[in-house]
Amino acid sequence: MNLTPVLRAEALKVLTLRSLCGTLAALFAVTTAFSALAGASGTSDPDFDPLFTSLSGVMPGQIAAIAFGAVVVSSEYQGNAIRLSLAAVPQRGRWFAAKLVVVAVPALAVGLVTALAALLAARAGLGAAADALTVGEQVRGVVGCGIYLMLIALFAAGLTTLFQSGVATLSTLVPFILVVSFVIGDAAGTVADFLPDKAGQIVLYRTHEGALGPWTGLVVTALWAAGALLAGFWRLRRRDA
């Protein structure tokens with residue numbers, strides 16, 4: 001079977017599952033709302049970074065991106081639907097590739113729109129405090145934010161394929177990003193820059209310190225996502241559905 005009909009089938013699954021559309025809507029709403037609140041809260045912090053403040057809504061919003069990547073895959077394991085999918089597409093690599101495309105493309109598209117909306121909403125509150133941002137810095141922040149959200153969604157999709165459970169993925173990634181990553185970051189210093197979330201989020205800052213830059217940080221996050229996807233594909237190939 002060619003890849004095109006497989007892509008169509010997988011895209012149809014995403015469009016017909018309300019929970020998936022809901023997670024993308026939540027990604028937009030939560031990120032934009034929290035960025036707008038951050039922009040309206042003022043600039044009393046002496047280390048104020050207008051770009052990060054404008055995109056800070058990504059911190060809670062990324063949970064929706066994780067949920068999207070996890071649910072796209074975990075829906076296959078509900079009611080043994082994956083047996084039907086693999087019976088229709090025996091080439092597991094082709095099926096997995098199509099599944100990743102329908103995770104990556106919507107996550108990137110919604111991520112870019114969300115980042116732009118968050119930036120505009122926050123800038124409306126910041127006013128003159130954000131005037132120092134250059135066009136290049138804002139473009140880099142918006143594009144980098146969209147790529148980061150896509151990579152986080154793919155990371156979640158890879159782990160869900162490995163665990164064969166969306167609950168296991170959410171139980172692992174959400175506490176890690178919200179709690180463990182901060183604890184490790186405080187204790188481990190620059191080593192924390194190479195964690196999947198910390199590395200990718202460097203692109204959200206106007207200025208940065210450490211070994212990684214905005215784009216090299218995204219490369220590190222991409223390597224984490226690639227590792228999870230390879231592990232997931234290994235289990236998909238080696239284990240029964």
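Numbers here are sequence positions counted from 1.
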- Connected via hydrophobic side-chain network under 4.5 Å: Trp224 and Tyr148: yes
- Task: Could you note down all residue pairs passing salt bridge (charged side-chain N to carboxylate O under 4.0 Å, His left out) where residues 141-152 supplies at least one of them, sequence neighbours left out?
- Result: none
- Between Arg206 and Leu133, which heavy-atom pair has the shortest distance, and what is it? CD-CD2, 3.9 Å
- Task: Considering non-hydrogen atoms only, spot the tightest contact between Val58 and Thr31 and give its length.
- Result: N-CG2, 3.6 Å
- Compare all side-chain heavy atoms of Ser41 with those of Leu37 and state whether any distance is below 4.5 angstrom. no
- Message: Do Arg8 and Thr4 make a side-chain contact, defined as non-hydrogen atoms from C-beta onward lying under 4.5 Å apart?
- Response: yes
- Task: Look up atom CG in Leu51 and atom OG1 in Thr134, then write down how far apart they are to the nearest 0.5 Å.
- Result: 9.0 Å
- Query: Would you find a donor on one side and an acceptor on the other, under 3.5 Å apart, between the side chain of Thr16 and the backbone of Leu12?
  - Reply: yes
- Message: Distance check, rounded to the nearest 0.5 Å: Thr216 atom OG1 versus His208 atom NE2?
- Response: 7.5 Å
- Would Trp215 end up clustered with Phe194 when hydrophobic side chains under 4.5 Å apart are linked, directly or stepwise? yes
- In chain order, what residues pass the side-chain hydrogen bond (donor to acceptor under 3.5 Å, both in side chains) check against Arg140, with sequence neighbours excluded? none
- Item | Approximate separation, where rounding is to 0.5 Å, of Arg235 CZ and Phe163 CZ | 9.5 Å
- Partner residues of Phe233 under the ring pair (Phe, Tyr, Trp, His ring centres under 6.0 Å) criterion, sequence neighbours left out: Phe96
- Can you tell me if Thr53 uses its side chain to pair, donor with acceptor, with the backbone of Pro50 under 3.5 Å? no
- How long is the span from the CG atom in Leu212 to the CG atom in Asp193, to the nearest 0.5 Å? 6.0 Å
- Task: Spell out, as yes or no, whether a donor-acceptor pair under 3.5 Å connects the side chain of Ser56 to the backbone of Ser35.
- Result: no
- Task: Establish whether Leu24 and Phe28 are linked, either directly or via other cluster members, by ILVMFWY side-chain heavy-atom contacts under 4.5 Å.
- Result: no
- Query: Closest heavy-atom contact between Thr161 and Gly232?
  - Reply: CG2-O, 3.3 Å
- For Ser85 and Lys13, run side-chain hydrogen bond (donor to acceptor under 3.5 Å, both in side chains): C-alpha distance rounded to whole Å, both residues' side-chain angles, the deciding distance at 0.1 Å, then the answer. CA-CA 11 Å; Ser85 296; Lys13 292 178 185 177; 3.0 Å; yes
- Task: Verify side-chain contact (heavy atoms from CB on, under 4.5 Å) between Leu204 and Met59, making sure each step is shown before the conclusion.
- Result: CA-CA 11 Å; Leu204 306 180; Met59 301 307 163; 4.0 Å; yes
- Partners of Leu20 by side chain to side chain contact (heavy atoms under 4.5 Å, CB included), sequence neighbours excluded? Val14, Leu17, Phe68, Val71, Val72
- Mind checking the CG-OG1 spacing from Leu27 to Thr114? Nearest 0.5 Å is all I need. 4.5 Å
Name each donor-acceptor pair under 3.5 Å that joins a side chain in residues 150-159 to protein atoms two or more places apart or in another chain, with its distance.
none

- Message: Using the rule that Ile, Leu, Val, Met, Phe, Trp and Tyr join whenever any side-chain heavy atoms are under 4.5 Å apart, tell me whether Phe34 and Val174 fall into a single cluster.
- Response: no
- Report yes or no: does Thr32 contribute a side-chain atom to a donor-acceptor pair with the main-chain N or O of Ala29 at less than 3.5 Å? no
- List in chain and number order the residues that pass side-chain hydrogen bond (donor to acceptor under 3.5 Å, both in side chains) with Thr169, two or more places apart in sequence or in another chain; answer none if no residue qualifies. Thr160
- Query: Heavy atoms, side chains only, cut-off 4.5 Å: are Leu86 and Arg92 in contact?
  - Reply: yes
- Is there side-chain contact between Leu108 and Ile147, with heavy atoms separated by less than 4.5 Å? yes
- Message: Please give me the minimum heavy-atom distance between Leu170 and Ala67, naming the atom from each residue.
- Response: CD2-CA, 3.9 Å
- Task: Following the transitive rule for hydrophobic clusters with a side-chain heavy-atom cut-off under 4.5 Å over Ile, Leu, Val, Met, Phe, Trp and Tyr, establish whether Val113 and Val203 coincide in one cluster.
- Result: no
- Note on the structure: dist Ile202:CD1 -> Glu209:CD (nearest 0.5 Å) comes out at 11.0 Å
- Contact summary for Thr172 and Ala168, nearest pair of heavy atoms: OG1-O, 2.8 Å
- Query: What closest approach, in Å, do Ser54 and Arg123 show between heavy atoms, and which atom pair accounts for it?
  - Reply: OG-CG, 4.2 Å
- Greater than 12 external heavy atoms within 6.0 Å of Trp95's CH2: yes
